[in-house]
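Each remark here refers to the structure printed beneath this line.
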Amino acid sequence: MAKSNFRFQVYQLVEKIPKGQVWTYGQIARRLGKPRAAQAVGNALHENQSLKIPCHRVVNQKGFLATNFGQGGWQEQAKRLKAEGVKFISKKKVVLLY
DNA sequence: CGAATGACAATCT
DNA sequence: TAGATTGCCATTC
């Protein structure tokens, strides 16, 4: 497929997310040099959903899980995050370490 | 090639 | 402070 460089960058970054750590789209976008590309980052994961990357460790700025997460929905994502040792403030809200 | 969509974020009221 | 609106970026139709 296309494998645009931008998407590749997103995957590389998401793969580097340490276990038990949750990143936000804004942080990733900012790291890629596009502070406003948060949606593009989320889009890259949604369009690909490679299952090879810990996309479940990526949440929005509010700390809430993705609204339309694949593979079973946010509950599946939350389940994986809990298995990683991530702390949850709510059923669908994780602890963001600023 | 142009327009529309989307797992977001920031700003304004 | 909370809610609503606009803007941004890349991918897809």
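A, B, ... follow the sequence lines: proteins, then strands. Residue 1 opens every chain.
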Rounded to whole Å, please give me the gap between [atom1] in [X] and [atom2] in [N].
X       : N      : atom1 : atom2 : value
A:Asn48 : C:dC9  : CG    : P     : 22 Å
A:Leu45 : C:dA10 : CG    : C1'   : 12 Å
A:Lys34 : B:dC8  : NZ    : C1'   : 17 Å
A:Gln9  : C:dC9  : CD    : P     : 17 Å
A:Ile28 : C:dC9  : CD1   : C1'   : 14 Å
A:Asn43 : B:dT5  : CG    : C1'   : 8 Å
A:Arg31 : B:dC8  : CZ    : P     : 22 Å
A:Tyr11 : C:dT11 : OH    : C1'   : 10 Å

Enumerate donor-acceptor pairs with a distance under 3.5 Å from any side-chain N or O in residues 69-77 of chain A to protein atoms, sequence neighbours excluded.
residue	atom	partner	partner atom	Å
A:Gln71	OE1	A:Arg80	NH1	3.3
A:Gln77	NE2	A:His56	O	2.9
A:Gln77	NE2	A:Val58	O	3.4

Pairs involving residues 83-97 of chain A, ordered by first then second residue, that meet side-chain hydrogen bond (donor to acceptor under 3.5 Å, both in side chains) (sequence neighbours left out): A:Arg57-A:Glu84
Under 3.5 Å, which N/O atoms of the protein pair with N/O atoms of nucleotides 9-13 of chain B?
residue	atom	partner	partner atom	Å
B:dA9	OP1	A:Gln61	N	2.6
B:dA9	OP2	A:Gln61	N	2.7

Residues that, via side-chain heavy atoms closer than 4.5 angstrom, fall in one hydrophobic cluster with A:Phe64: none
Members sharing A:Leu97's hydrophobic cluster (side chains within less than 4.5 Å): A:Ile89, A:Val95
Sub-4.0 Å heavy-atom contacts from residues 66-76 of chain A onto DNA chain B, ordered by number: A:Ala66, A:Thr67, A:Asn68, A:Phe69
Strand-adjacent residues in residues 77-91 of chain A, judged by heavy atoms under 4.0 Å from DNA chain B: none
Minimum heavy-atom distance between A:Ile53 and A:Glu15, given as atom pair plus value: CG2-CG, 3.3 Å
Contact summary for A:Leu96 and A:Lys62, nearest pair of heavy atoms: CD1-C, 4.1 Å
For A:Lys16, all residues meeting side-chain hydrogen bond (donor to acceptor under 3.5 Å, both in side chains), sequence neighbours excluded: A:Gln12
Touch class at under 4.0 angstrom, heavy-atom based, for A:Ala40 against every strand present: base
Heavy-atom side-chain contact between A:Leu65 and A:Leu81 under 4.5 Å: yes
Rounded distance (nearest 0.5 Å) linking atom OH of A:Tyr11 with atom SG of A:Cys55: 9.5 Å
Would you mind writing out the side-chain donor-acceptor pairs for residues 28-38 of chain A within the sub-3.5 Å range, not counting sequence neighbours?
none

Stacked cation flag A:Lys82 on A:Phe88, 6.0 angstrom / 45 deg: yes
